[in-house]
There are 2 protein chains.
Amino acid sequence: MIFTASRYTFTVSPMRESAAARPYHHGDLSRALIDAARRLLEAEGPSALSLRAVAREAGVSPAAPYHHFKDKGELLEAVADQGWDMLNQALGEARRSADNVRDKLAALGVAYVCFARDHPSLYRVMYDGSRDKEDMPAHVKLDHDSAYCQVRDTLVEAGADPADEISLELATTAAWCAAHGLAEMAAFKQFDPLKTALGSEEAFFRGVFEHMKIFAGDSDS
Amino acid sequence: MIFTASRYTFTVSPMRESAAARPYHHGDLSRALIDAARRLLEAEGPSALSLRAVAREAGVSPAAPYHHFKDKGELLEAVADQGWDMLNQALGEARRSADNVRDKLAALGVAYVCFARDHPSLYRVMYDGSRDKEDMPAHVKLDHDSAYCQVRDTLVEAGADPADEISLELATTAAWCAAHGLAEMAAFKQFDPLKTALGSEEAFFRGVFEHMKIFAGDSDS
DNA sequence: TTTGTTATTTTAACAATGCTAAGATAGCTT
DNA sequence: AAGCTATCTTAGCATTGTTAAAATAACAAA
């Protein structure tokens, strides 16, 4: 679907549900902006993601986005939200497709790192917004099927005592930190020999996770 | 020590050893620039760290830095290098002051996260440069007493088999990822209740590390 | 329909940034 | 003293985020 208005030409992605009644002049521009940002992000990486470039990609003037997002940051937040939705979904699938309970948590971890590997720019945006604030990324702790809650629930399924809240929170945080740490490291090419030695990248991820007990020593706390 | 040349006034940090024979006009400008960058970083955070601001802080013209660093990135690399030196030193101290072998690795981990907590902007710079390249941050794997090597050596001291190189690399990577992940998360205020419940921030760090065995299940590999 | 209100978009402008090319300056070498 | 070269400044360019003001188009009421 292609609109032409004044001298700007731009495309509008097909409307989803009735997400929001179609606004005034040009269809759903805020969604078009988010899509344009995602397109730019995949094509050129995070450094190319300027507000003006997004507007250009969407076919509107440099100031147009400011009527839909107060800030460049607010647009990036919207992009990040989509990323979190995708990640939550990927974790859900990994969780369902794991054979036995014992492997479920490792499967979650591998799925997490694979997501970061497959969408590196998006993953960056998902965290960059939160680094300045002192809040966790959106939807990480709040939603029912948020990534965080999925990890916590999986821990309970695997035998963690849901009554010991502190221990459960610590374990969930530990899993989260481990996955995030590996996600940020995994692309370093210093790991290439290890990956080939182990046969695949996923095997490398799994191998790292298998060693995650190191900090605990051998005793059980 | 204060120089005044043309209309720019700037300070030069006291010379260290004979790091490099004192250059031409204004003393050791490249060091002065790095110091200025560090000062700005601590005072205003990473977003305020523009090359022009650094030049301003150092009392030179906006183009002066380009005779000492080919890029903004190259200056940031130099700043990051100092950060890695500091971190390596902090890890070394933590390693020496740990009572028994068993606690050494946890002490290293806590020291790592404390460094990131105490120098958040510097820590950001230390990794930001490496995210674009696909290389690990400078000096992480190369130097003798690099942070990476210290972790690996500590693992060997704690009983890891130095002959099984793959397992040792995996374990070192696991420890590194865990520490980095926690370092990036630790500032989120969602953890405040946990920190107070456990008495201190360090206790929280230790608590997370103690749960790091989760990915391994209970069996030993 | 006409009129008015309001939401959306454009144009134009500002300050700031990274960086480069040209000239000035000062130290070193001969 | 003359020349060379490294260092620094001045000016300038393209780009960025953001704002203010003007234009445009949808809608609601008369």
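A, B, ... follow the sequence lines: proteins, then strands. Residue 1 opens every chain.
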Exercise. With respect to the side chain of A63(B), which nucleotide from dT16(D), dA11(D), dT18(D) is positioned closest?
Worked result: dA11(D)

Exercise. Angle class for the F191(B)/F204(B) ring planes (parallel below 30°, perpendicular above 60°, tilted otherwise)?
Worked result: tilted

Exercise. Atom CZ of F69(B) and atom C1' of dT7(D): how far apart are they, to the nearest Å?
Worked result: 14 Å

Exercise. How about Y148(A) and E169(A): does a side-chain donor come under 3.5 Å of a side-chain acceptor?
Worked result: yes

Problem set entry | Rounded distance (Å) that lies between atom P of dT10(C) and atom CZ of R56(A) | 14 Å

For this session: Return the value, rounded to whole Å, for the distance between atom CG of L29(A) and atom C1' of dA25(D).
Result: 15 Å

For this session: Nearest whole angstrom, please: distance from the P of dT15(D) to the CG of L51(B).
Result: 19 Å

Problem set entry | Residue closer to the 5' end of DNA chain C, K72(B) versus H67(B) (nearest nucleotide) | K72(B)

For this session: Can you figure out which of dT18(D), dT10(D), dT16(D) approaches the side chain of P62(B) most closely?
Result: dT10(D)

For this session: Considering just the side-chain nitrogens and oxygens of H68(A), establish if one lies under 4.0 Å of OP1 or OP2 belonging to dA7(C).
Result: no

Problem set entry | Flag for D28(A)-S30(A): side-chain donor and acceptor within less than 3.5 Å | yes

For this session: Could you tell me the separation between the CZ atom of R52(A) and the P atom of dA12(C), rounded to a whole number of Å?
Result: 13 Å

For this session: Would you mind reading off the distance between L75(A) atom CG and dG17(D) atom P, rounded to a whole angstrom?
Result: 10 Å

For this session: Say whether, by atom type as modelled, one donor and one acceptor occur between the side chain of E57(A) and the main chain of A53(A) under 3.5 angstrom.
Result: no

For this session: Take the protein atom OH of Y66(B) and the nucleotide atom P of dC19(C), then report the distance between them rounded to whole Å.
Result: 4 Å

Exercise. Between S61(A) and dT11(C), is there a side-chain N or O to OP1/OP2 distance below 4.0 Å?
Worked result: no

For this session: Measure from the ring center of Y123(B) to the ring center of Y127(B) and say whether it is less than 6.0 Å.
Result: yes

Exercise. Hey, which of these two, K70(A) or A48(A), hits DNA chain D nearer its 5' end, going by closest nucleotide?
Worked result: A48(A)

Problem set entry | Rounded distance in Å - CG (L76(A)) to C1' (dT16(D)) | 14 Å

